[in-house]
Amino acid sequence: MPFNRPSIEGAELTYLRQAVEGGHSSAKGPFARRVAELLREHIGASDVLLTTSCTAALELAGMLLDLQPGDTVIVPSFTFVTTALAFAREGARLVFADIEPETLGLDPSHVAELLDDRVRAVVPVHYAGIGCQMDELLRVVEGYDRVSLIEDNAHGLFGSYRGKPLGAFGRFSTLSFHETKNFVCGEGGALVLNHGGDVERAHVLFDKGTNRRAFLNGQVDKYTWTDTGSSFGMADLLAAYLLGQLEARDTILAKRRAVFERYRSNLEPHAGADFEIMRVPQGRGPAYHMFYVLLPDRELRDRALRGLNQEGILATFHYVPLHAAPKAQAFMATPTACPVTEAISGRLLRLPFFNGIEADVIDRVCDTFLGCTRA
Ligand SMILES: Cc1ncc(COP(=O)(O)O)c(C=O)c1O
């Protein structure tokens with residue numbers, strides 16, 4: 001039983017063929033425009049740029065901050081490496097913040113302690129597609145005019161917080177379409193621009209530091225190198241595949257919701273001293289990215305992982321605390337304590353989760369897991 005298995009859910013292959021035959025297979029093609037418009041409309045954004053990955057989108061956001069020596073960025077320690085690395089490589093010193101235990105999102109009270117005049121960005125991750133405590137995070141950054149909120153929404157597309165789409169809160173938000181995510185195209189991502197004032201410059205950086213867009217819009221008579229930038233754009237072949245996935249979003253979300261609910265209804269009656277199941281607090285619309293459980297400690301978690309793996313079930317752990325990683329020292333502004341991150345990292349176990357996983361397979365996974373927790 002694999003942990004993840006991507007599946008075709010709609011017109012992906014038809015669109016891919018059209019993209020090949022249509023002649024525009026590079027970035028900013030007709031399919032990229034349709035995907036960007038679908039995402040822009042859902043999030044209510046000013047613009048959306050399709051990138052080669054979520055990492056690339058985070059890097060582009062980092063470039064748009066124009067970081068100066070001494071600037072810092074607050075990131076969770078409990079996240080993927082590039083949530084942090086994208087800003088470090090743009091010159092920021094990193095400040096690692098802890099998560100709170102309810103959603104495993106950035107802890108607003110720790111962020112409040114860490115904020116000072118050097119901070120240029122705070123980067124919440126909506127872990128597992130469950131929104132962070134956004135009201136509290138917005139409140140703690142209020143009054144810090146130099147601080148931009150950047151949502152790493154790699155897990156949370158189509159999730160919501162108090163009725164507002166995840167990804168609509170920050171100045172920027174980022175998405176991932178990597179094969180392990182809910183909507184896939186192999187490798188891919190997007191940068192969501194929620195402030196109209198960023199749109200023009202974001203296109204310049206996206207277009208390899210040139211004013212190509214102004215040229216194509218007839219605003220200048222030739223295009224030239226005007227700023228920093230890089231080659232960020234998603235090939236239209238991938239955007240075509242992705243459009244097929246996104247147009248099938250109702251089907252995909254319904255399937256994933258059914259998987260989530262089956263895990264929940266199978267495991268909830270047994271939760272207690274042996275394990276906890278993930279929580280969905282009031283006011284959160286889940287994106288159904290994964291289902292995780294928390295064992296009492298690392299030893300019991302590792303025993304359950306081994307037990308599942310021995311039965312051919314690929315359950316996995318997740319993030320290893322970044323603040324304790326070998327390279328963290330080199331990028332850190334100041335050491336911080338992240339005890340919740342350390343505890344959760346050793347206790348968390350993710351169960352196989354993908355669109356096509358059958359109900360009887362979920363039942364077998366749950367029975368095997370329950371056996372491992374009792375052994
Ligand atoms: C929270 C988070 N941010 C960013 C990324 C990077 O995404 P990508 O592989 O699209 O660069 C990941 C990848 O798993 C992730 O989990």
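Since we're looking at a predicted model, the values are computed, not measured. Atoms within a ligand are numbered from 1 in the order they appear, just like the ligands themselves.
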Of the backbone atoms (N, CA, C, O) and the side-chain heavy atoms from C-beta on, which set of Thr174 has a member under 4.0 Å from an atom of ligand 1: side chain, backbone, both, or neither?
-> neither

How far apart are the C-alpha atoms of Asn194 and Ile43, what are their side-chain angles, what is the distance that settles it, and do they pass the side chain to side chain contact (heavy atoms under 4.5 Å, CB included) test?
-> CA-CA 9 Å; Asn194 287 323; Ile43 297 165; 4.1 Å; yes

Which residue from Phe78, Phe80, Phe177 reaches closest to atom 12 (C) of ligand 1 through any of its heavy atoms?
-> Phe80

N/O of His155 under 3.5 Å from N/O of ligand 1, yes or no?
-> yes

In this structure, atom 7 (O) of ligand 1 is nearest to the protein heavy atom Cys54 CB, 3.3 Å

Could you list which atoms of ligand 1 come closer than 4.0 Å to a heavy atom of Ser53?
-> 10 (O), 11 (O)

Ligand-residue contact atoms, ligand 1 with Thr83, heavy atoms, under 4.0 Å | 3 (N)

Is the NZ or CZ atom of Lys208 positioned over Phe206's six-membered ring, under 6.0 angstrom from the centre and within 45° of the axis?
-> no

Would you say the side-chain atoms of Tyr241 pair up with the backbone N or O of Gly186, donor to acceptor, closer than 3.5 Å?
-> no

Quick one: does ligand 1 sit under 4.0 Å from the side chain of Thr79, the backbone, both or neither, non-hydrogen atoms only?
-> side chain

Return the orientation label for the Tyr223 and Phe215 ring planes: parallel under 30°, perpendicular over 60°, tilted otherwise.
-> tilted

Which ligand 1 atoms, with their elements, are less than 4.0 angstrom from a heavy-atom of Val125?
-> 1 (C)

Are the ring centres of Phe31 and His24 closer than 6.0 Å?
-> no

Please check if atom CD in Glu21 has more than 12 non-hydrogen atoms from other residues, nucleotides or ligands closer than 6.0 Å.
-> yes

For Thr82, atoms of ligand 1 separated by under 4.0 Å from a heavy atom | 6 (C)

Run the numbers for me: atoms of ligand 1, each under 4.0 Å from some heavy atom of Gly188, listed by number.
-> 10 (O)

Verify the ring-centre separation between Phe275 and Phe369: is it less than 6.0 angstrom?
-> yes

So if you build clusters from Ile, Leu, Val, Met, Phe, Trp, Tyr with side-chain heavy-atom gaps below 4.5 Å, do Val123 and Phe78 land together?
-> no

What protein heavy atom sits nearest atom 11 (O) of ligand 1, and how far off is it?
-> Thr55 OG1, 2.5 Å

Which is closest to atom 13 (C) of ligand 1 by heavy-atom distance: Lys181, His178, Glu187, His318?
-> Lys181

Among protein heavy atoms, which lies nearest atom 4 (C) of ligand 1, and at what distance?
-> Asp152 OD2, 3.5 Å

Determine whether the aromatic ring centres of Phe158 and Tyr288 lie less than 6.0 Å apart.
-> no

Closest approach of any protein heavy atom to atom 16 (O) of ligand 1, naming residue and atom | Tyr319 OH, 2.7 Å

